[in-house]
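Heads up, the thing below is written out as structure tokens.
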Amino acid sequence: MKTSIKTLFLDIGGVVLTDGWDHNARKKAAVKFKLDLAETEKRHQMTFATYEEDALTLKEYLNLTVFFEDRPFTLDQFREFMFAQSKPHTEMIELVRKLKTKFELKIIAVSNEARELNAHRIQNFKIAEFVDAFVSSCFVHIRKPDPEIFRLALDVAQTLPQQIVYIENTEMFVKIASEMGIRGIVHTAHFSTAVQLASLGWD
């Protein structure tokens with residue numbers, strides 16, 4: 001099996017890094033900056049897909065969700081807090097690096113990421129050192145669960161679906177990829193994912 005697998009599709013948030021701007025991070029922001037969480041969440045839900053598809057800049061997104069009224073803090077202060085919520089899953093990063101080197105894998109990131117946050121995460125955590133290409137929603141202007149993002153990833157990878165393994169923490173997205181013939185692993189923890197990869201001969 002390990003010789004037939006050529007490429008690893010990899011989600012970023014929830015796999016090798018924490019989610020960039022999830023509900024828990026927004027809840028922390030509401031506490032720190034004394035925001036109305038319900039109002040912030042309502043505005044977030046109306047705008048975030050558009051933001052992740054790069055139709056809104058970070059400034060435009062924040063103007064709609066936070067700075068629609070005067071605040072006693074600046075946009076730069078809020079952005080710094082946003083970026084600081086991203087943390088590495090060190091064991092998963094080390095595992096992916098090891099697999100890439102040992103089995104000469106092509107690594108393609110397939111992720112829903114907004115442009116400014118995506119750039120910060122790639123640079124700050126040196127993701128480009130082990131990821132060969134980024135099929136990020138902000139670059140391709142579509143986001144999971146749209147199947148088209150996986151078709152684009154296949155075009156970028158130039159690998160047959162049956163020669164790909166996809167590590168993703170959202171079961172729905174794994175199912176969509178599986179309908180294209182891509183073998184998926186629903187990631188919940190480093191240990192369980194490592195066990196599943198070892199069953200494919202990757203250990």
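The basis for the numbers below is simple: all heavy atoms, side chains too, and nothing from hydrogens, waters or symmetry mates. All residue numbers refer to positions in the sequence shown, counting from 1. Only a predicted model underlies this, so the values are computations on that prediction, with no experimental measurement involved.
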Look at the side-chain heavy atoms of Ile, Leu, Val, Met, Phe, Trp and Tyr, link any pair under 4.5 Å apart, and say whether [X] and [Y] land in one connected group.
X	Y	result
Ile182	Val140	yes
Leu17	Phe83	no
Leu75	Leu56	yes
Ile122	Ile167	yes
Trp21	Val16	no

| field | Heavy atoms of other groups near Glu171 CD, more than 12 under 6.0 Å | value |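 Check fails, neighbour count at 12 or below.
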
| request: Step through the shown structure and confirm whether more than 12 heavy atoms of other residues, nucleotides or ligands are within 6.0 Å of CE on Met172. | output: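 Counting neighbours around CE of Met172, 12 or fewer heavy atoms of other residues, nucleotides or ligands fall under 6.0 Å, so no.
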
| field | Trace of the side chain to side chain contact (heavy atoms under 4.5 Å, CB included) decision for Phe78 with Leu35 | value | CA-CA 12 Å; Phe78 195 88; Leu35 302 174; 3.9 Å; yes

Hey, is the main chain of [Y] close enough, under 3.5 Å, to the side chain of [X] for a donor-acceptor pair?
X	Y	result
Glu52	Ala49	no
Gln123	His120	no
Arg143	Glu53	no
Thr159	Ala157	yes

Just wondering, do [Y] and [X] contact through their side chains at under 4.5 Å, heavy atoms?
X	Y	result
Leu200	Phe103	no
Ile185	Val174	no
Val135	Ile108	yes
Leu8	Lys106	no
Phe33	Lys28	no
Thr7	Leu105	no
Val110	Leu10	no

Residues two or more places apart in sequence or in another chain: which of them pass side-chain contact (heavy atoms from CB on, under 4.5 Å) with [X]?
X	value
Lys100	Ile107, Phe130, Asp132
Asn24	Asp22
Glu104	none

Could you pull out the closest heavy-atom pair between [X] and [Y], with the gap in Å?
X	Y	answer
Ile93	Pro88	CD1-CB, 3.9 Å
Leu95	Leu197	CD2-CD1, 3.8 Å
Gly13	Asp19	C-OD1, 3.3 Å
Thr193	Thr188	OG1-N, 4.3 Å
Ile164	Ile5	N-CD1, 4.1 Å
Leu154	Phe9	N-CZ, 3.9 Å

| When you look at Phe73 and Phe67, which way does the ring-ring contact (aromatic ring centres under 6.0 Å, His included) test go after all the steps? | CA-CA 10 Å; Phe73 51 87; Phe67 295 94; 5.5 Å; yes

Starting at [atom1] of [X], measure out to [atom2] of [Y] and round the result to the nearest 0.5 Å.
X	Y	atom1	atom2	result
Glu60	Thr50	CD	OG1	11.0 Å
Leu37	His23	CG	NE2	5.5 Å
Met180	Ile176	CE	CD1	7.5 Å
Leu58	Cys138	CG	SG	12.0 Å
Ile149	Asn112	CD1	CG	5.5 Å
Ile142	Ser137	CD1	OG	9.0 Å

| query | Does Phe139 have its ring centroid less than 6.0 Å away from the ring centroid of Phe134? | reply |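 Centroid separation for Phe139 and Phe134: 6.0 Å or greater.
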
| Below 4.0 angstrom, N of the basic side chain to O of the carboxylate: do Glu69 and Arg71 qualify? | yes

| task | Evaluate side chain to side chain contact (heavy atoms under 4.5 Å, CB included) for Arg43 paired with Phe48, printing each intermediate quantity in order. | result | CA-CA 8 Å; Arg43 289 173 171 270; Phe48 198 61; over 6 Å; no

| said: As a test of understanding, state which of Lys175, His187, Lys144 forms a side chain to side chain donor-acceptor pair (under 3.5 Å) with Glu168. | reply: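 Of all the options given, the one that passes is Lys144.
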
| said: Tell me every residue that passes side chain to side chain donor-acceptor pair (under 3.5 Å) with Asn118, counting only those two or more places apart in sequence or in another chain. | reply: Ser136

| query | Should His190 and His89 be marked as a side chain to side chain contact (heavy atoms under 4.5 Å, CB included) after you check the CA-CA gap, both sets of side-chain angles, and the distance that decides it? | reply | CA-CA 9 Å; His190 166 263; His89 291 312; over 6 Å; no

| message | Before you tell me yes or no, could you show the steps for Glu39 and Phe68 under side chain to side chain contact (heavy atoms under 4.5 Å, CB included), namely the whole-Å CA-CA distance, both residues' side-chain angles and the distance that decides it to 0.1 Å? | response | CA-CA 11 Å; Glu39 177 66 21; Phe68 55 89; 3.9 Å; yes

| Any side-chain donor-acceptor pair under 3.5 Å between Tyr61 and His44? |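 On atom types as modelled, these side chains qualify, holding a pair under 3.5 Å.
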
| remark: Applied to residues 159-186, the ring pair (Phe, Tyr, Trp, His ring centres under 6.0 Å) test, sequence neighbours excluded, yields Phe150-Tyr166

| note | residues 87-98 vs salt bridge (Lys or Arg N to Asp or Glu O under 4.0 Å), sequence neighbours excluded, gives Arg97-Glu129

